[in-house]
2 protein chains.
Amino acid sequence: MPRATLHNRQDSLDRALNLFWQKGFHATSLKDIERTLDMRPGSIYAAFGSKDGLFQEALDCYATRSLREMEIIMASHDSPLDALAAYIRQLGCLRDKEVPSRACMLAKSLLELGEREQAARDKVETLLAGMEARFRQAFADARDAGELVDPERPAHQPERLGRRLQAEVMGLRAYAQREGDSEIVHQLAEDIAQDIEALKVHNTGAH
Amino acid sequence: MPRATLHNRQDSLDRALNLFWQKGFHATSLKDIERTLDMRPGSIYAAFGSKDGLFQEALDCYATRSLREMEIIMASHDSPLDALAAYIRQLGCLRDKEVPSRACMLAKSLLELGEREQAARDKVETLLAGMEARFRQAFADARDAGELVDPERPAHQPERLGRRLQAEVMGLRAYAQREGDSEIVHQLAEDIAQDIEALKVHNTGAH
DNA sequence: GTTAAAATTGAGTATTCACTCAATACCTTC
DNA sequence: GAAGGTATTGAGTGAATACTCAATTTTAAC
């Protein structure tokens, strides 16, 4: 009996994600959304409840996508540390690809959202914690595999390394948002990647 | 002949800075500004031209303040690397102090501003370049003083170390914006600071 | 073909937005 | 005190904001 839905929900979410990712929450107007999704206000609100609700669903999409991309890299490397280094080096190519924003959408939202968007902020916190947990797991895997050069050192605990890596990623991607030569971002990523590789037991010595 | 100005301009700018720093450009309304500065629209526009103009002047204040704070730390250490490490450790206390935002206002603005605020974005780029130049100078000073353990290594060129440090600071401060224990931010800052100290020739070896 | 239910529309809501400007308040100089 | 000029006011501007809802369209089941 129901009328068939005209718009694919996931496709709409992907479009909304790219829009929010590029412009941020506040700078994205409903007019922008109507245009990008090719939907009228009523349809948007019937499907997603509110601008805030749509934003939060877009955040979920982003985090899912990000974790999936990371999982692909992790699966294609035997060594967790090599995988993390490859992950960072891939971020070094941010300037070359066409993306809504070079910055991490979670970091952008973390810095932008205020008390009035508390629900979305909580979601951002949760999703960031999820990413950090995946980083931590990778370092824990490296430790369990005997890859870490000095697992007793406090700074080399998986928890601390995971936090550190998340901070590095947010910093690298924020830096990538600056204007300037693509090569600079590649260098920056390379330097970070080499620091990760330097955590390995039999460091072949980058230099 | 002129009527004496009621409001101190610098004081107004400081108030506006704290407001923009906390809420971001888009989320700050003129009503907020009127309330915070205790000024009526006409006075605000007579003094600063536009919301965008006020924001840009606030950005200048922020950068000046930031550079001054850094200069104090640099001046109170004989070794540039020790000074940078101290600078980072001070950022580790961000959670303990009451500040408009733990995140760097320049980084916040870099991520928030779009094409419609091109002038302000250009200003942010310039001010970030200034901060980076100061970092680079500190590393160059360290190199010239023979402090760097391996000045020939590409990753240890002052240019690259300066960029890296700016990225680390943006990342650390973005991370500090997250909810969570103050101790975690201290740890994170400590780990970064130790990496800076590890660049020194006669590294006394943190653990 | 009729009917029922869901999807979609788009004009319209109240509110907030950044901003303007004629009027006023105030101080300094003479 | 008078005059001149600037700082300040605050009601008011049109445009943009997020959002609503009665009306309409579309489809599937009978």
Side-chain angles (χ1 to χ4, degrees), chain A residues 1-17 19-59 109 112-121 123, chain B residues 1-17 19-59 109 112-121 123:
Chain A
M1 299 187 190
R3 172 180 175 184
T5 163
L6 182 57
H7 297 95
N8 176 279
R9 186 180 168 86
Q10 189 56 48
D11 178 62
S12 295
L13 278 173
D14 284 338
R15 290 167 182 267
L17 162 56
L19 183 62
F20 278 126
W21 188 5
Q22 180 191 77
K23 308 191 70 173
F25 178 77
H26 289 117
T28 300
S29 73
L30 259 158
K31 288 281 174 217
D32 294 327
I33 297 171
E34 291 173 39
R35 208 177 307 118
T36 302
L37 304 195
D38 191 28
M39 289 169 79
R40 262 36 66 194
S43 295
I44 296 170
Y45 280 83
F48 304 106
S50 67
K51 180 189 173 184
D52 196 86
L54 175 59
F55 182 71
Q56 289 184 49
E57 288 206 52
L59 282 175
S109 304
E112 182 188 1
L113 298 179
E115 297 172 0
R116 298 178 67 167
E117 301 87 24
Q118 189 59 52
R121 268 184 54 168
K123 169 137 281 180
Chain B
M1 304 180 189
R3 172 179 174 184
T5 162
L6 185 57
H7 296 95
N8 175 278
R9 186 181 168 85
Q10 189 56 49
D11 178 63
S12 296
L13 277 173
D14 284 338
R15 290 167 182 266
L17 163 56
L19 182 62
F20 278 126
W21 187 6
Q22 180 191 79
K23 306 192 72 174
F25 179 76
H26 289 117
T28 300
S29 73
L30 259 157
K31 288 281 174 216
D32 294 327
I33 297 171
E34 291 173 38
R35 209 177 306 118
T36 303
L37 304 196
D38 190 27
M39 289 169 80
R40 263 35 67 194
S43 294
I44 296 170
Y45 281 82
F48 304 107
S50 67
K51 179 188 174 185
D52 196 85
L54 176 58
F55 182 71
Q56 289 185 48
E57 289 207 51
L59 282 176
S109 304
E112 181 188 2
L113 298 178
E115 297 172 2
R116 298 178 66 168
E117 300 87 25
Q118 190 59 52
R121 267 184 53 169
K123 169 137 281 180

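FYI, side chains are in, hydrogens and waters are out, and symmetry mates aren't considered; it's all heavy atoms of this structure. Note that the structure is a prediction, hence the values are computed from the model and not measured. Numbers restart at 1 for each chain; the letters A, B, ... are given by sequence-line order, proteins then strands.
Note on Tyr45(B): a side-chain N or O is less than 4.0 Å away from OP1 or OP2 of dC19(C). For dT16(C), the OP1/OP2 oxygens have no side-chain nitrogen or oxygen of Ser29(B) closer than 4.0 Å. Listed pair Ser43(A) / dT9(C) meets the phosphate criterion, a side-chain N or O lying under 4.0 Å from OP1 or OP2. For the pair His7(A) and dT8(C), the criterion of a side-chain N or O lying under 4.0 Å from OP1 or OP2 is met.
For Ile33(A) and dA18(D), the CD1 to P distance is 7 Å, given to the nearest whole Å. In this structure, the CZ atom of Arg40(A) is 20 Å from the P atom of dC21(D), given to the nearest Å. Note: CG (Leu54(A)) to C1' (dA18(D)) measures 13 Å, nearest angstrom. Between the C1' atom of dT20(D) and the CD atom of Glu34(A) lies a distance of 13 Å, rounded to the nearest Å. In this structure, Leu37(A) atom CG and dT8(C) atom P are separated by 12 Å, rounded to whole Å. Straight-line distance from the CZ atom of Arg9(A) to the C1' atom of dA7(C): 14 Å, rounded to whole Å. Regarding Arg116(B), its CZ atom lies at a distance of 11 Å from the C1' atom of dA18(C), rounded to whole Å. Taking atom CZ of Phe48(A) as the reference point, atom P of dT8(C) lies 10 Å away to the nearest angstrom.
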Check your understanding: Taking it one step at a time, do Leu54(A) and Phe20(A) satisfy side-chain contact (heavy atoms from CB on, under 4.5 Å)?
Key -> CA-CA 10 Å; Leu54(A) 175 59; Phe20(A) 278 126; 3.9 Å; yes
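The distance from atom NE2 of His26(B) to atom CZ of Arg116(B), rounded to the nearest 0.5 Å, is 7.0 Å. A distance of 9.5 Å separates CZ of Phe48(A) from CD1 of Ile33(A), quoted to the nearest 0.5 Å.
Across the interface with DNA chain C, nearest-nucleotide mapping of Lys31(B) and Gly42(A) shows Gly42(A) to be the residue nearer the 5′ end. Of the two residues contacting DNA chain D, namely Ala27(A) and Asp38(B), the nearest-nucleotide position lying further toward the 5' end is that of Asp38(B).
Of the candidates dA18(C), dT8(C), dA11(D), the closest approach to any side-chain atom of Lys51(B) belongs to dA18(C). For Pro41(B), the listed nucleotide lying nearest its side chain is dG10(D); candidates were dT9(D), dG10(D), dG10(C).
Arg9(A) places a side-chain N or O within donor-acceptor distance of the main-chain N or O of Ala47(A), the cut-off being under 3.5 Å.
Figure legend: cation-pi geometry between Lys51(A) and Phe25(A), with NZ or CZ positioned under 6.0 Å from the six-membered ring centre and within 45° of its axis.
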